Amino acid sequence: MLSCQLQSLQPLILSGDKRLHWFSSSRKNGKSMACHFRRITCSNIQGRKSIIQHTGKCEANSQRRRDRLDSTVFVNVADKLTTKFIKMERNSSSQGHQAEMVVGLVSSYLLLRLTKLKNFTTFLKLVREKFPFIVQTFGVANLPFACVSNSLNKPTPLKLDVSLPSFEDISWSFSRLMYLFNVQLERNVATFFIVLLVACFSFVMMGGFLFFKLRGSEQSLEDCLWEAWACLCSSSTHLKQRTRIERVIGFILAIWGILFYSRLLSTMTEEFRNNMQKLREGAQMQVMEHDHIIVCGVNSHLAFILKQLNMYHEHAVRLGTATARKQRILLMSDLPRKQMDKLADYMAKDLNHIDVLTKSCSLTLTKSFERAAANKARAIIILPTKGDRYDVDTDAFLSVLALQPIPKMESVPTIVEVSSLTTCQLLKSISGLKVEPVENVASKLFVQCSRQKGLIKIYRHLLNYKKNVFNLWSFPNLAGIRYRQLRHGFQEAVVCGLYRGGKIHFHPSDDEILQPTDKILFIAPIHGSKNPQLAHSNSVQDVSNAVSNLEFEEKDGDALTRSLESTKARLENIVRRPTRSGSKASDWTIGPKEFILLLGWRPDVVQMIEEYDNYLGPGSVLEILADAPIDDRNRAGKVAGQGKLKNVKISHRIGNPMNYDTLEETITSIQNSLKSGEDIPLSIVVISDREWLLGGGNPSEADKHAAYSLLLAENICTKLGVKVQNLVAEIVNSKLGKQITRIKPSLRYIAAEEVMSLVTAQVAENSELNEVWKDILDAEGDEIYMKDISLYMKEGETPSFSELAERAFLRREVAIGYVKNNKKVINPVPKSEPLSLSITDSLIVISELEGEQPIIL
């Protein structure tokens, strides 16, 4: 009250009769009393005191209460700023009389305080008149309700929007909620299952509580909840309800139960369908396999690789070395799963010894290879899927990098097909992986096979696990003997060289000592294990005994004399002829001069041109007839980095090779350009388009085009009387090629891509053979040739194969077989029996040059 008086320096004006009301009611006596007091006011401005006497009148009203006794006191004091309501609860009427006395005492005390503060009020009035700003700032700021009159201290309003949202806002919020629900439902169908369970639980709870409310104490809450669940589960349960309301509740629960179970069934079906779809896609599935082979990518090589792997496992099953009845092949690609399954079914429909699994995923992600259990695989094969050589190498590099973070990958061979030797060196430099890059030399292989009839059959023989193949095997018990003793010691195999320090040596010296870490390269059938054992006439121990005998004989002077006499006799039996042109341009041999007509175009023709330049002599001409523009051909040469050609001159023609008039005009022009007095052999070569190789086209279409162009060229040459040395086409399907050669024996087909695929598959089984095939298929290394037998024997002579092998060794060659009456024999057994060979037969050798080589003594 003191602060109220300090605040009120103005005269208080009474407006009407302000009264203090006090109501007291009691449940016991049912009486109510009200007391009225005049409001007490004082005016300090007039300097006088006005005391308003207290008048009171009590009224009693009787009111009966049911539950309790309430006493309420309303005090109404006339003040301009504040109004106080005091509520007091009384338990009896005697307490009401005590409250009336307390109010009277408080009023008397206030009158006394106002009288004593008269002088203080006068002082405050003087201060207010002299210093109004101080009083306003200090006094008002510290009052309990100062913010009502002082705008400086008003709190900042929160500006809350308490108005109801519009219909558009409600509609958007509901749509947003449904959108979020649909997004979650799209990610996981089980979300709808959870919603159904929550709704079902809610209906059961509401139905149970309603039953409990209606039945009261007749049935427990647990029984009511169970009956609500029974109505929801079984629609006939609501028929047992007794009252109308219970029947309505049971009917609603039964209808919801029908809807619930129908939606539950559809949700479970959709979830099962989703899981099956994920399994079909295979991207998220973890492969739980070991000793499986992973093939990454789909191209024309895939079918041949699968056939080769099937053949190898079939042979392993027969030998008893297979660890499973079928070899698991995991095919990975970024193609859709359905397309991959269709391709796999088509390629592996006749392959009974492999089981092909498919997985659609990215080939540049480490997670994809982790899910494929790459660190438990037997081998990984990465195939190119793009046409551009740079894209091929880039994709291969990224796939290999994705394998690097996987632990325990150093023991898994990774075979990667690349387009250049530089990429091979780059991939080998990646640490933590056992990478075996295989350079795709299908174009070079095609050139080699097109120049030698029957060479493609020899390659197929050496890549067929059912026949004689290249083998690398270590013989620690033979360490310390000379290479000459190795060549003479094995009768059921052809020793071809030594594998030392990761390199293959086809022509080591006879005095070369075998090291414990060396491996012997030989041609023989596989016997009994993954790394086959040699089949010796007696045993490997017999070989050691024979070698010991040879060492003892070599210490004898007579044995040395006999060896020199034998070498002299061999040299005398070798026919000395004038040196004819060889197959590779070098300082001492000059390649033959030929005219090549190439029908078709693709980017790797540039590699074919370079290979022809290595084999042909000066003055040779290579003419290309294709639809491709000249600018595209020149651009391909620049991209491939083609250097200046030494021996071959390139000529371009634009036209369709399947057009009769265009092809006839081209052949006629070539016939007229050749000099009548010079005999230059003509060869016509047909190549396939490159689109089918990458899976973007149909191989059968390319084969049909190539076969038609070949038959058309043969018909035109026969009509014009043009003599053609080689008529050869590149055909993928071997069945079609055999059918063409059966109709026209003068025609030949070459499946270079098939041979390249077989090489990749063989390297996957034995990664060390990569160096062997790299050397054989490279123009700079040793190659397989079929040379005239007249270089090694005289007419009428019947030498054994061992004798022919010794004579070939003098020319720095390795004899691996012979061709008799157009039938090839690889690794003949026994080797000591005389052979009846004619001058038209050939000896199959591994040599650096096709022609006659210098004799090494």
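The structure displayed is predicted, hence computed values, not measured ones.
Looking only at distances, a side-chain donor or acceptor of S266 sits under 3.5 Å from a matching main-chain atom of R263. Of the possible donor and acceptor atoms, none in the side chain of N310 sits under 3.5 Å from a partner among the backbone N and O of L306. The backbone N or O of S360 sits nowhere less than 3.5 Å from a side-chain atom of S333 that would complete a donor-acceptor pair. Here the side chain of S202 pairs a donor or acceptor atom with the backbone of V198 at under 3.5 angstrom.
More than 12 heavy atoms of other residues, nucleotides or ligands lie within 6.0 Å of CG in L259, so this atom counts as buried by the packing criterion. By the neighbour-count criterion of 12 heavy atoms within 6.0 Å, atom CE of M268 is sparsely surrounded, having that number or fewer from other residues, nucleotides or ligands.
Shown here for L214 and I245, the closest heavy-atom pair between the two residues is CD1-CG2, 3.4 Å. In terms of heavy-atom proximity, I406 sits nearest to A374 at CD1-CB, 4.2 Å. Scanning all heavy atoms of the two residues, the minimum distance from P384 to N299 falls at O-ND2, 2.8 Å. Contact detail for V317 and A324: the closest heavy-atom pair is CG2-O, 4.3 Å. Heavy atoms only, all atoms of each residue included: I249 and G207 are closest at CG2-CA, 4.3 Å. Heavy atoms only, all atoms of each residue included: I381 and A764 are closest at CD1-CB, 3.6 Å.
Every residue meeting the side chain to side chain contact (heavy atoms under 4.5 Å, CB included) condition with F212, not counting sequence neighbours, appears here in chain and number order: L221, C224. Applying the salt bridge (Lys or Arg N to Asp or Glu O under 4.0 Å) test to E227 and every residue at least two apart in sequence or in another chain returns R215. Scanning for side chain to side chain contact (heavy atoms under 4.5 Å, CB included) contacts around S220 gives E222, D223, with sequence neighbours left out. Remark: E417 pairs with H301, T760 by the side-chain hydrogen bond (donor to acceptor under 3.5 Å, both in side chains) rule, at least two apart or across chains. Evaluation of the side-chain hydrogen bond (donor to acceptor under 3.5 Å, both in side chains) rule for T364 yields S362 as partners, not counting sequence neighbours. Under the side chain to side chain contact (heavy atoms under 4.5 Å, CB included) criterion, S173 pairs with no residue at all, not counting sequence neighbours. The salt bridge (Lys or Arg N to Asp or Glu O under 4.0 Å) search around R247 returns none, not counting sequence neighbours. Residues satisfying the side chain to side chain contact (heavy atoms under 4.5 Å, CB included) criterion with A254, sequence neighbours excluded, are S235, H238. In this view, D350 satisfies the side-chain hydrogen bond (donor to acceptor under 3.5 Å, both in side chains) rule with no residue, not counting sequence neighbours.
The only option from R378, H353, E314 that meets the side chain to side chain donor-acceptor pair (under 3.5 Å) definition with Q327 turns out to be R378.
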List the atom pairs, with distances to 0.1 Å, where a side-chain N or O of residues 287-296 and a protein N or O form a donor-acceptor pair under 3.5 Å, not counting sequence neighbours.
| residue | atom | partner | partner atom | Å |
| --- | --- | --- | --- | --- |
| E289 | OE2 | R328 | NH1 | 2.4 |
| D291 | OD2 | T323 | OG1 | 3.3 |
| H292 | NE2 | A372 | O | 3.0 |

After noting the C-alpha distance and the side-chain angles of F251 and Q241, does the key distance pass the side chain to side chain contact (heavy atoms under 4.5 Å, CB included) rule? CA-CA 10 Å; F251 175 76; Q241 305 302 322; over 6 Å; no
Could you walk me through whether M409 and F369 pass the side chain to side chain contact (heavy atoms under 4.5 Å, CB included) test, one step at a time? CA-CA 11 Å; M409 283 296 299; F369 290 100; over 6 Å; no
Given L433 and L403, is the side chain to side chain contact (heavy atoms under 4.5 Å, CB included) satisfied, shown in steps? CA-CA 8 Å; L433 297 176; L403 290 170; 4.2 Å; yes
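At a threshold of 4.5 Å between non-hydrogen side-chain atoms, the residues C361 and R371 do not count as touching. Residues V298 and L331 form a side-chain contact, since some pair of their non-hydrogen atoms from C-beta on lies under 4.5 Å apart. Residues F174 and I170 fail the side-chain proximity criterion, which asks for heavy atoms closer than 4.5 Å. Side-chain contact between F211 and E246: present, with at least one pair of heavy atoms (C-beta onward) separated by less than 4.5 Å. Counting heavy atoms from C-beta on, the side chains of D169 and S166 come closer than 4.5 Å.
Distance check, rounded to the nearest 0.5 Å: CG of L351 to CD of Q308 gives 11.5 Å. Annotation: the span from L363 atom CG to T385 atom OG1 amounts to 7.5 Å, rounded to 0.5 Å. Distance check, rounded to the nearest 0.5 Å: CG of L196 to CG of L264 gives 6.5 Å. Here CD1 of I382 is found 5.0 Å from OG of S399. Values are rounded to the nearest 0.5 Å. The structure places CD1 of I255 at 11.0 Å from CG of L232, a figure rounded to the nearest 0.5 Å. Atom CE of residue M206 and atom CG of residue L253 lie 8.5 Å apart, to the nearest 0.5 angstrom.
Looking at D391 and T394, their side chains never bring a donor and an acceptor atom within 3.5 Å of each other.
Among residues at least two apart or in separate chains, ring-ring contact (aromatic ring centres under 6.0 Å, His included) pairs with a member in residues 253-275 are F203-W256. The side chain to side chain donor-acceptor pair (under 3.5 Å) analysis of residues 403-415, with sequence neighbours excluded, yields no pairs.
Remark: K349 does not engage D345 in a salt bridge, criterion side-chain N to carboxylate O under 4.0 Å.
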